[in-house]
Asks: 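Let me give you the structure first, and then I'll get to my questions.
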Amino acid sequence: TDILLEKGYAYECYCSKYELEAAKEKALARGEQPIYNRKCLHLSEAEKNELKSKGIKPSIRFKVDDKIVVVKDIIKGEVHFPTNVFGDFVIVRPDGVPVYNFAVVIDDALMKISHVIRGDDHLSNTPKQVLIYEALGFDIPQFAHIPMILGPDHSKLSKRHGDTSLNQFKEKGYLPEALFNYLTLLSWSAPDGKEILTKEETISLFRLDNVSKSPAVFDFGKLKWMNGYYIRNLPKDYLTERVVPFLDLNDNFLKKYSDRLKDMIYSIKDKIELLTDANDWIKIYQSYPDSLDNEALEILRLPTSRDVLTHFINELSKFQEIDTDIYKEITSSVQKITGAKGKALFMTIRVGITGTTKGPDLDKICTLLYKDDIIARIEKTLNVMESIC
RNA sequence: GUCCCCAUCGUCUAGCCUGGCCUAGGACACCGGCCUUUCACGUCGGCAACAGGGGUUCAAAUCCCCUUGGGGACGCCA
């Protein structure tokens, strides 16, 4: 600040907050720009000392000439700002603490920052900063003002639009690489239009000069889709590692089946609120048969249901363990014996085992579970049927 | 209010700089078909946009101007 003061780029201002406030309101009332009136610009040393002796501490203002500042921006191009819209602005407060616009310049210049990349909303701060760079003789960095991300209502994205912090997304089960990939596609796109990109691909393709100028609305739906895509396509081992923190591993069921779990999760793509939904689905298993809903009960009330389940157990008992082929064999035998087919056959088995009408493919369910477990579950269902049918 | 930025399907965008190849391409969402004896996934098809008006030009989504619309900034906040 000494340099700026000495060279006449800045001066001390003894005006009080109240004075300034009043002046501002007056100007606004007259429909004019609220610009500092330079009252303190020409104070003599004597006057300053007098004010100081009264205990008034000055703030320091940057003296702004009436001209047009041209900001060169990689994304926006050359932007012209008349300085008379902001006037002489404060650089240091009376307590000696520098103001943001001043501090960033000093900071960045000292650290030899080459590129200042930030949100669009900082564009109008930039001319002030450029002025300071120039006064101090610093090299002006390259600026790149990225368009803002808007909420679904097209206003600046904020808390009231829902989850906006990385941790919230993480807690909800969004994979970091999916979020990264999605965010990357806002106001930018790969030259070939490819949308699913690894971090490495993005880094090698990304160029500031093909970032779009217009703001982007955050689309939670597309993020969701992309996260699902990642969940489905990432290597299974890696996926399991990612999924485990979201599951209640203390539970016996999960302990017992954790090795087969990845296949199951891999197949649960329905209404993925994501990983957390997989957890819900598993809970349906766990809480069975308390989870029987009307739809499931209806299936169990079918006249053939009892037969189907009983014979399913019988047939299954003939085998050591169940796999896809055996599953087919069993279901066709049960069909022959009971005469039940279609929904009456498969839905009954589904409900008998899982207690619900929804879930992964039946053959997958059957191969996921162990034979004894299936039998136990169906027997449970048969017991339940005693009481409700 | 003043200044600045922006403007292609509902949303993210390609194309715009270097006008004709645009019958405006892709993705999400949505709607249908297929697959699956559930739901999803997958797959095939469909709906859907150059904000409006003036120019310039043989030719405009592309270049220029105006209007409208949206966003942001106007602090001794960061």
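Residue numbering restarts at 1 for every chain, and letters A, B, ... go by the order of the sequence lines.
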Asks: For a quick check of understanding: with a heavy-atom distance under 4.0 Å over all strands, which category does G221(A) fall into, base, sugar-phosphate or nothing?
Replies: sugar-phosphate
Asks: List every contact pair, protein side and nucleotides 11-15 of chain B side both N or O, where the distance is under 3.5 Å.
Replies:
{"from": "C12(B)", "atom 1": "OP1", "to": "V217(A)", "atom 2": "N", "distance (Å)": "2.9"}
{"from": "C12(B)", "atom 1": "O2'", "to": "L185(A)", "atom 2": "O", "distance (Å)": "3.0"}
{"from": "U13(B)", "atom 1": "OP1", "to": "S187(A)", "atom 2": "N", "distance (Å)": "2.2"}
{"from": "U13(B)", "atom 1": "OP1", "to": "S187(A)", "atom 2": "OG", "distance (Å)": "3.2"}

Asks: Using the P atom in both, what is the distance from G20(B) to U62(B), to the nearest Å?
Replies: 11 Å
Asks: Hey, does L20(A) reach any base, or is it just sugar-phosphate, or nothing, if we go heavy atoms under 4.0 Å?
Replies: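 Since a base atom lies under 4.0 Å of L20(A), the category is base.
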Asks: List in chain and number order the residues that pass salt bridge (charged side-chain N to carboxylate O under 4.0 Å, His left out) with E45(A), two or more places apart in sequence or in another chain; answer none if no residue qualifies.
Replies: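 Testing E45(A) for salt bridge (charged side-chain N to carboxylate O under 4.0 Å, His left out), a comparison that skips the adjacent residues, returns K48(A).
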Asks: Looking at every strand, decide which applies to K156(A) at a 4.0 Å heavy-atom threshold: base, sugar-phosphate, or nothing.
Replies: sugar-phosphate
Asks: By a strict heavy-atom criterion of less than 4.0 Å, which residues belonging to residues 71-86 of chain A are in contact with RNA chain B?
Replies: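 Only K76(A), V79(A), H80(A), F81(A), V85(A) qualify.
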Asks: Report the nucleotide, chosen from G71(B), C76(B), U38(B), that has the shortest atom-to-atom distance to any side-chain atom of V90(A).
Replies: C76(B)
Asks: Over how many whole Å does the gap from Q129(A) atom CD to A73(B) atom P extend?
Replies: 14 Å
Asks: Tell me, which of residues 110-125 of chain A have any heavy atom that sits under 4.0 Å from an atom in RNA chain B?
Replies: D121(A), H122(A), L123(A), S124(A), N125(A)
Asks: C6(B) and C66(B): how far apart are their P atoms, nearest whole angstrom?
Replies: 14 Å
Asks: Do D88(A) and Y11(A) have side-chain atoms, one donor and one acceptor, less than 3.5 Å apart?
Replies: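 Per modelled atom types, D88(A) and Y11(A) side chains form a pair under 3.5 Å.
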Asks: Could you state the atom-to-atom distance from CE of M226(A) to C1' of C41(B) in whole Å?
Replies: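 It is 17 Å, rounded to the nearest whole Å.
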Asks: S165(A) and N167(A): side-chain donor and acceptor closer than 3.5 Å?
Replies: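 The answer is no; no qualifying pair exists.
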Asks: Choosing from C76(B), U2(B), G72(B), which nucleotide comes nearest the side chain of R93(A)?
Replies: C76(B)
Asks: Using a cut-off of strictly less than 4.0 Å between a heavy atom of the residue and any atom of RNA chain B, enumerate the qualifying residues of residues 198-208 of chain A by number.
Replies: none
Asks: Using only side-chain N and O atoms of K213(A), determine if any of them is under 4.0 Å from OP1 or OP2 of C16(B).
Replies: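 So the side-chain polar atoms of K213(A) never come under 4.0 Å of the phosphate oxygens OP1 or OP2 of C16(B).
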Asks: Measuring only the C1' atom in each nucleotide, how far is U23(B) from C28(B)? A whole number of Å is fine.
Replies: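 The same atom, C1', in both gives a distance of 24 Å.
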Asks: Between R93(A) and D95(A), does any NZ, NE, NH1 or NH2 come within less than 4.0 Å of an OD or OE carboxylate oxygen?
Replies: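 No, D95(A) and R93(A) are not salt-bridged.
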Asks: Over how many whole Å does the gap from Y230(A) atom OH to C41(B) atom C1' extend?
Replies: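 Whole-Å distance recorded here is 18 Å.
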Asks: For nucleotides 63-69 of chain B, give me every protein contact, N/O to N/O, under 3.5 Å, one pair per line with atom names.
Replies:
none

Asks: Between C1' on C30(B) and CH2 on W225(A), what's the gap in Å once rounded to a whole number?
Replies: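 About 16 Å, once rounded to whole Å.
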Asks: So which nucleotide does U11(B) pair with, by the Watson-Crick or G-U wobble rule with both distances under 3.5 Å?
Replies: A27(B)
